[in-house]
Amino acid sequence: MNVQAERSLRDLAIAERRALRDHVREAITNAILDGEFQPGERIVETRVARELGVSQTTVREALVEIEQLGIISSRPHRGVFVRPITSRDVVEMYEMRALLEGHAARLVALSLADDDLSELEGLLEEMVQSAAAGDVRAMIRKDVEFHSTVCRLAGGHLLARLWSAVNPHLWTFVAVRGLLGLEPQLVARRHSKIVEALRSRDADRAEAATRSHMMELRDIALLKLKETGVIKR
Amino acid sequence: MTAWPLSTRAVDDGEMLGAIPERRALRTDVRDALTRAIVQRRFAPGERIVESRVARELGVSQTAVREALRELESVGLVTHLVNRGCVIRKLTPADVVEIYRLRALLEGEAARRAAERLSPDDVASLDALVDDMESLGEAHQIAELAALDVSFHRAIVEAADHKLLTRLWLMTNPELWMHLAEVGVADLPLPVVVRRHRAVVDALRARNAEAAHAAIVYHFEDCVRDLELGDGGEATDPAPASLRS
């Protein structure tokens, strides 16, 4: 076998291993979101490996990645645990999204093409329709896609990486489907203010609209938390 | 100056060791060794990192190297290319400008919060830090000055008492930035560079959140300007924070 072929084969093996790890990561993350693992519960590598029919190494690698998202933490000699969500986590998450996405919206407003605007309008429309139809999973997908599109249009590798590190997908699940109990239709409709501000191509207005979107959600979430007391203070 | 942890993990965890401590410690060691090698330019941008060779040189398993590389990828130091494997990412001027702008965003917010939280003692030690930077600048000890520079910015970020902000800030990779500063700062009039930090301290002392925010933003706008001017460019004096809000 020549060097090139050998390299291609190895790359293929690497790609397969990555795909498998991504799959395992998704499965574990979903299990946490769906409440199959409770906050504070230990995640046992061997059991997860057996249930998913993968190697323990793959599970371990997936757990390392999930730990970087901040939803699990490992303790010496004790294993990996689901981190309990605190109201501080919620506040910090919305504050950083306000900061990062406000910055992104400002950049987008300055260079928004008509096609990009139509794309955002389309996503808003789908988000509202999914929420109205009671398809919460679809609504969450479109919600996250809307925000990630704004970040993508803003350009920049680091911005995208920081945004992903805040883990908007996970948090939108937590906000709409899980612990925060926000009303999907209300959340969906609120995005229209961001679209309007972007349409005006006014950078200050776009930043302000995005920031208040996040900060208002933060306040609503905090109020909910106080009522239900589900989440640790 | 201690070595910078290049961790994307939540900094509040405090514990670097995980379920299988030896393994975790190893990955961290490998990650730090690779980071040092990249920052010291022992790898060229675009150069491929051969897992097996690194493993042999460091005397660790290929798995440990692979795990370390994944962490480095998450902070943007390396990237995986189809048919090429893991390569050193080439930083473009646009990348560096983006790093400065995002640091301005994060540290500006941190400074706002720090202005409300720092005690007079904290402000005094920041002031002392800038004094030290001044002496190092006069002695042209650039590497040491760059290290103190990172300590200064880290102190402000930590004073903000915001776990997620700190985690994101670490992702902007201050260690790499320190190296860039070390290389880039040499041609600038150092007193001017140091004075930019004094403006931040003054705003913090006055507990003026908006002025502290503005001083940080202005500080990074200067960095971007330096970059665009290239070597030998004229650096401007810091404008009063009240001019920028």
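Here is the naming used below: chain letters follow the sequence lines, and residue numbers restart at 1 for every chain. This one's a predicted model, so the numbers in the text were calculated from it and none came from an experiment.
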* Structure fact -> Okay, Leu102(B) and chain A: the region with an atom under 4.5 Å from a heavy atom over there is side chain
* Supply the atom-to-atom distance Glu98(B) CD to Arg161(A) CZ, rounded to the nearest 0.5 angstrom. => 8.5 Å
* Closest heavy-atom pair and its distance - Asp161(B), Glu92(A) -> O-OE2, 4.2 Å
* Does CZ in Arg201(A) sit with more than 12 non-hydrogen atoms of other residues, nucleotides or ligands closer than 6.0 Å? -> yes
* Structure fact -> When the 4.5 angstrom heavy-atom criterion is applied to Arg97(A) and chain B, the contacting part is neither
* Asked: Rounded to the nearest 0.5 Å, what separation is found between the CG atom of Leu158(A) and the CZ atom of Arg101(B)?
  -> 13.0 Å
* **Pairing of Glu61(A) and Arg70(B) as salt bridge, 4.0 angstrom limit** => yes
* How many angstroms lie between atom CG of Leu99(A) and atom CG of Leu105(B), to the nearest 0.5 angstrom? -> 3.5 Å
* Considering all heavy atoms, the nearest Arg167(B)-Ala165(A) contact -> NH2-O, 3.1 Å
* To do: Go through the structure and list residues passing side chain to side chain contact (heavy atoms under 4.5 Å, CB included) with Arg113(B), not counting sequence neighbours.
  => Glu95(A), Glu109(B), Arg117(B), Ala160(B), His162(B)
* **Portion of Leu100(A) that has a non-hydrogen atom of chain B nearer than 4.5 angstrom** => both
* To do: Begin from the C-alpha positions of Asp89(A) and Leu164(B) and carry the test side-chain contact (heavy atoms from CB on, under 4.5 Å) through to its verdict.
  => CA-CA 8 Å; Asp89(A) 293 329; Leu164(B) 183 56; over 6 Å; no
* To do: For Arg17(A), check side chain to side chain contact (heavy atoms under 4.5 Å, CB included) against everything at least two apart and list the hits.
  => Ile14(A), Arg66(B)
